[in-house]
Structures are given as C-alpha cells and as structure tokens.
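Single-structure report; data block below.
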Number of protein chains: 2
Amino acid sequence: MTAKVVEKPQAAVKLTRARRTAILKALADPRRFELLVRIASAPSPLSCAEAGTALPICAATLSHHIKELETAGVISIRRVGKFHYMSLRPGVLEALASSLIALEPNARPGKLSTSPQS
Amino acid sequence: MTAKVVEKPQAAVKLTRARRTAILKALADPRRFELLVRIASAPSPLSCAEAGTALPICAATLSHHIKELETAGVISIRRVGKFHYMSLRPGVLEALASSLIALEPNARPGKLSTSPQS
DNA sequence: TCGACGTTTCGACAACTATCGAATTGATTG
DNA sequence: CAATCAATTCGATAGTTGTCGAAACGTCGA
C-alpha cells in the first residue's frame, strides 16, 4: 500500500511517474471507477453509504475502495460527525488526461481545457 | 485474459465500460506505460526488442506486456518476417482522456480554490 | 448510558498478475 | 540442412488485490 498522497496545490499540471501509476491503478478497477463516476456527478458530496448504494459489495470492501481513491489523491474526504463526505479532487483527472493526450502523435504541446471559461 | 479487442473503425469517440477498464488496466502497470511511451514517441514503429531495451525484464515478460497492450487495443502490431513492429493506435488514448475529462466539474463558474481541507 | 448507525480495521482466502527459465515456433541465412 | 535470431508459449512461483465476515471505533439520539 502506497503512502497517502498529500499535495498542497490542487494538482493540475504535471504528474510524477509514481503518481500517475497510482491514479491509473485506482481507476483500473471497475467498481472504483463506477464509484468515482457517482461521486463526480453528484450535485453535492456523497457519504460512503450513498456512493455505494446499488454496488454489490459489502461495507468493508466499499471502505477499501474509497481508501484507494483517496490514497491516489483522486477524491478528498471531509469527515463530519459519523459521515464521511467524498468529492472529486479537481484537476487530478485532468492532469492524467493531459499526460495521455501527450502521447498521441498529433499532440499539441499546450494544455487541454476542461472548461473553456465561456 | 480478456478477448482481443477488434474494432473496424479506429476507436475515437466513445468507450464501453469494459473497454475503458481494459485500457486502464493496461496502462496501470508502470513497465507497460513506459513501453507505451517509447512506442508512442518513436519516429517509426519499434520492434519488440527495440521497445524493451533498457527495460529490466526478460523477453518472456516483455512479450506478455506487449500482448496486454495489444489486447487492450492500445497498440497495433505489424508482423513482418521475424520482426513485430508496434505502433500506437491513434485515438484510443484520446478517447480515454475524454472520458476522464468528462468527470471533471466542467460547469465550474467561480473556482474557489480547494482549500486544503483540514 | 445504552443502543443504533456509519465507517474502518483485521484476518483470511481466492483470484489475478508480473516475473522468470526453459522450451517452442517461425523466419532468415550460412 | 543447421544455426541463429526474434518472438511467443508453457509451467511455476511470489506478490498483489478484491472480497468477505467479524470485530472495533466514533458519533448521535433516546
């Protein structure tokens, strides 16, 4: 188990190899990706149980997957009372996407934009 | 071992869940990613041995990784004589990148910076 | 304080995977 | 043909990981 990723600035620009691998591993499990989709598309942060509804896994497994996502730095968790609210960490997936796009032959050296501020 | 991905059109737009997972799994191994970087940034298709130089793995393992990349549809291989020339399959990484970007909160008007939640 | 509830940790297990050496296939060449 | 070379396949093994049940932890309400 890799150590938890903690970075001050909201990760956006460049990923180390180790970090990139950690994120890819976190995304490479279908349940975890599904979980992430739910978290990302929810209007407000989800609790663990909320995110895991309709996932055919027990609470222990759910907790394990959530920890993997957090350890990889893909989500952040705000712990309030007995609930743990998860939300997508902005910029991380974008950074990964950039490093993928950079491999395509027609790769323009520029960044890609999530939301053209328009 | 998943069945080999065969698709007529050069995959570009949308990925099924299974396909996306397959690609992510293929990329999630650091050696495979390194291999892919070499293949992608080479000016012309590389043979297996060429791609594997300076990778501290034996030929059998190299062959295994290459098969994984091909099975996932990330690279294509042209077999001529005793050499197998590998090249990046265009559009695949781009498609994956798109599906990642789609998870980012695109409608993010005022981006209050992620306060390091603590 | 007691119990219910959300979440995590622990211990175990089965399945998967990265790795290797050895053997094999297939193509080229002496 | 025999040797050589690139690549794959086979069999085995060690390490990783997804999964669960049970237990523990922390919080909240009665």
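Order of the sequence lines fixes the chain letters, A, B, ..., with proteins taken first and strands second; residue numbering starts at 1 for each chain. As the structure is a prediction and not an experimental result, all values here were calculated from the model.
- The shortest side-chain heavy-atom distance between B/Leu62 and B/Leu55 does not fall under the 4.5 Å cut-off.
- Nucleotide C/dT7 holds its P atom 7 Å from the CD1 atom of A/Ile66, rounded to whole Å.
- At least one donor-acceptor pair closer than 3.5 Å links the side chain of A/Glu104 to the backbone N or O of B/Glu94.
- Between the C1' atom of C/dA27 and the OH atom of B/Tyr85 lies a distance of 12 Å, rounded to the nearest Å.
- A sub-4.0 Å separation between OP1 or OP2 of C/dT9 and a side-chain N or O of A/Lys67 is present.
- Taking a cutoff of 4.0 Å between a charged side-chain nitrogen and a carboxylate oxygen, A/Glu70 and A/Arg32 do not qualify as a salt bridge.
- Looking only at side-chain heavy atoms (C-beta outward), B/Lys25 and A/Asp29 stay at 4.5 Å or farther from each other.
- One can place CG of A/Leu24 at 17 Å from C1' of C/dT17, the figure rounded to the nearest angstrom.
- If you measure from atom NZ of A/Lys25 to atom P of D/dT16, you get 10 Å, rounded to the nearest angstrom.
- Checking A/Leu46, A/Ile39, A/Val92 one by one against A/Ile75, the side chain to side chain contact (heavy atoms under 4.5 Å, CB included) holds for a single residue, A/Ile39.
- Only one option out of B/Leu36, B/Ile57, B/Thr61 pairs with B/Arg31 in a side chain to side chain contact (heavy atoms under 4.5 Å, CB included); it is B/Ile57.
- One can place CZ of B/Phe83 at 12 Å from P of D/dT8, the figure rounded to the nearest angstrom.
- Within the 4.5 Å cutoff, the side chain of B/Leu96 has heavy atoms near those of the B/Ser99 side chain.
- Atom pair B/Leu69:CG and C/dA18:P shows a separation of 11 Å (rounding to whole Å applied).
- A heavy atom lying under 4.0 Å from DNA chain C marks none of the residues of residues 26-34 of chain A.
- Regarding B/Lys82, its NZ atom lies at a distance of 7 Å from the C1' atom of C/dA27, rounded to whole Å.
- For B/Arg20 and A/Phe33, the positive end sits near the middle of the six-membered ring, less than 6.0 Å away and at most 45° from its axis.
- Under the salt bridge (charged side-chain N to carboxylate O under 4.0 Å, His left out) criterion, A/Arg17 pairs with B/Glu34, sequence neighbours left out.
- Atom pair A/Leu62:CG and D/dT17:P shows a separation of 19 Å (rounding to whole Å applied).
- Closest approach to the A/His64 side chain among C/dA18, D/dA7, D/dT19 is made by D/dT19 (side chain taken as heavy atoms from C-beta onward).
- Near-neighbour residues of DNA chain C inside residues 49-61 of chain B, defined by a heavy atom below 4.0 Å, number-ordered: B/Pro56, B/Ile57, B/Cys58, B/Ala60, B/Thr61.
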